[in-house]
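In what follows, a single structure is set out as structure tokens and then discussed.
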Number of protein chains: 2
Amino acid sequence: MEEVKLSKGTPGTKCPIEAALGIIGSKWTFLIIRDLLIDGTVRFGELLKSLEGISPKTLSVRLRELEESGIVVRTVYPEVPPRVEYTLTDKGKQLESIFIELKVWGLKL
Amino acid sequence: MEEVKLSKGTPGTKCPIEAALGIIGSKWTFLIIRDLLIDGTVRFGELLKSLEGISPKTLSVRLRELEESGIVVRTVYPEVPPRVEYTLTDKGKQLESIFIELKVWGLKL
DNA sequence: CCGTATCCTGGCGGATACTG
DNA sequence: CAGTATCCGCCAGGATACGG
């Protein structure tokens, strides 16, 4: 936590904060990642239950985006009935400090 | 940064991460706060220019929300033409660590 | 200069039904 | 079980004009 200065974007180079938000900034992504940080490996249906209010479609879309961004890995087990599990990549796990800070701050409300 | 465990909400107690996001989670709030963290004290018009793409209406709405949440202070100088300045409260300044982490992560993209 | 008042639109995301 | 397909409602937020 030493000597990191915040900065806006300059014309040409985009602000890294904006870049990060572009990936994890939509309504549900934060909470999906929270669940994955806590539970490690989670099935689709578990996420659906845990994230109260989310629709299967939205969950599906958000998970694919996160997969495409290299935050999440999707593993399919060829069983019947099918089983699919989601886990964070290393890049995804590195988000944990953000969530810690977010929680610390949120607790003071 | 020791021994903070993440957690979801339990029925009754809301997840602090969700609580935090409820306050600073909308599209522009992150970037408004970023600017205030960097510049300290900023006028309405400066924010309007700095946050490229935001409309005056939206900026106004977001600033009032932040004021109501105790993140931002609004100071009016009774001059002609009028001058209005925005600054972070202590609670607002405590958000800095979140932004640091967000930047650190964003830089690796 | 600092906003508010109006009007309007795009797209996020909910609900539901259906398939491999 | 794990999604996809379809339809649709809603509102965050843009554009603009105007007032104190």
Side-chain angles (χ1 to χ4, degrees), chain A residues 9 15 17-18 20-36 39-69 71-88, chain B residues 15 17-36 39-69 71-88:
Chain A
C15 162
I17 293 178
E18 287 184 64
L21 290 176
I23 292 186
I24 59 170
S26 70
K27 178 176 176 184
W28 288 105
T29 40
F30 264 102
L31 299 178
I32 292 173
I33 294 169
R34 179 203 58 186
D35 276 24
L36 291 173
D39 295 332
T41 295
V42 191
R43 301 178 63 166
F44 188 87
E46 292 179 302
L47 283 171
L48 207 53
K49 266 177 291 178
S50 176
L51 303 169
E52 199 150 340
I54 199 172
S55 69
K57 172 192 149 190
T58 302
L59 178 56
S60 174
V61 171
R62 293 283 97 82
L63 282 171
R64 301 221 175 265
E65 289 174 359
L66 290 173
E67 194 187 357
E68 217 165 317
S69 307
I71 311 292
V72 156
V73 218
R74 179 171 179 269
T75 312
V76 184
Y77 296 88
E79 308 171 351
V80 182
R83 179 163 55 105
V84 180
E85 292 184 342
Y86 295 89
T87 315
L88 291 174
Chain B
C15 163
I17 293 177
E18 288 184 63
L21 290 176
I23 292 186
I24 59 169
S26 69
K27 179 176 178 184
W28 288 105
T29 40
F30 265 102
L31 300 179
I32 293 173
I33 294 169
R34 177 202 60 187
D35 276 25
L36 290 174
D39 295 331
T41 296
V42 191
R43 300 179 65 168
F44 189 87
E46 292 179 301
L47 283 170
L48 206 55
K49 267 178 290 179
S50 176
L51 303 169
E52 199 151 340
I54 200 174
S55 68
K57 172 192 149 190
T58 302
L59 178 56
S60 174
V61 172
R62 292 285 94 82
L63 281 171
R64 302 223 173 263
E65 288 174 359
L66 290 172
E67 194 187 359
E68 216 164 318
S69 305
I71 311 292
V72 157
V73 218
R74 179 170 178 270
T75 313
V76 183
Y77 297 88
E79 309 170 350
V80 182
R83 178 163 57 106
V84 181
E85 292 184 340
Y86 294 89
T87 315
L88 291 173

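All values below were derived from every heavy atom in this structure, side-chain atoms included, with hydrogens, water molecules and symmetry-related copies excluded. A note on names: the letters A, B, ... follow the listed sequences, proteins ahead of strands, and every chain is numbered from 1.
Phosphate proximity of dG3(D) to Arg43(A): absent, as no side-chain N or O sits under 4.0 Å from OP1 or OP2. For dC12(C), neither phosphate oxygen OP1 nor OP2 lies less than 4.0 angstrom from any side-chain nitrogen or oxygen of Arg62(A). Look at Arg74(A) and you won't find any side-chain N or O under 4.0 angstrom from OP1 or OP2 of dA2(D).
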Step by step, would you call Glu65(B) with Arg62(B) a salt bridge (charged side-chain N to carboxylate O under 4.0 Å, His left out)? CA-CA 5 Å; Glu65(B) 288 174 359; Arg62(B) 292 285 94 82; 2.9 Å; yes
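Using a 4.0 Å heavy-atom cutoff across all strands shown, Tyr77(A) reaches no nucleic acid atom at all. Residue contacts for Lys57(A): at a heavy-atom cut-off of 4.0 Å it reaches a base atom on one of the strands shown.
The interatomic distance linking Leu51(A) (CG) with dA2(D) (P) rounds to 14 Å, in whole Å. Taking atom CD on Glu79(B) and atom P on dG3(C), their separation rounds to 13 Å, with Å as the unit. Here dT4(D) presents its P atom at 10 Å from CG of Leu63(A), a figure rounded to the nearest Å. Here the P atom of nucleotide dG13(D) and the CZ atom of Phe30(B) are 13 Å apart, to the nearest Å. Atom P of nucleotide dG3(C) and atom CD of Glu46(B) are separated by 12 Å, given to the nearest angstrom. Separating the CD atom of Glu67(A) from the P atom of dA2(D) is a distance of 15 Å, rounded to the nearest angstrom. Between the CG atom of Leu59(A) and the P atom of dG13(C) there is a distance of 12 Å, rounded to whole Å. For Ile54(A) and dC12(C), the CD1 to P distance is 14 Å, given to the nearest whole Å.
Residues Leu31(B) and Asp35(B) have side chains not in contact (no heavy-atom distance under 4.5 Å, counting atoms from C-beta outward). In this structure the side chain of Thr87(B) never reaches within 4.5 angstrom of the side chain of Leu36(B), judged on heavy atoms.
Listed nucleotides: dA15(C), dC2(C), dA15(D). Nearest to the side chain of Ser55(B): dA15(D). Looking at the side chain of Arg64(A), the nearest of the listed nucleotides dA2(D), dG14(D), dG3(D) is dG3(D). Listed nucleotides: dG3(C), dT4(D), dG14(C). Nearest to the side chain of Phe44(B): dG3(C). Picking from dA2(D), dG13(D), dG14(C) the nucleotide with the shortest atom distance to the side chain of Lys27(A) gives dG14(C). Side-chain proximity of Pro81(B) to dA2(D), dC1(C), dT4(D): nearest is dC1(C).
In terms of position along DNA chain D, the nucleotide closest to Val61(A) lies nearer the 5' end than the nucleotide closest to the other residue of the pair Thr58(B) and Val61(A). Ranked by how close their nearest DNA chain C nucleotide is to the 5' end, Gly53(A) and Glu85(B) are led by Glu85(B).
Scanning all heavy atoms of the two residues, the minimum distance from Leu48(B) to Ser55(B) falls at CD1-C, 4.1 Å.
Using a 30° and 60° split on the angle between ring planes, Tyr86(B) and Phe44(B) fall in the tilted class, from 30° to 60°.
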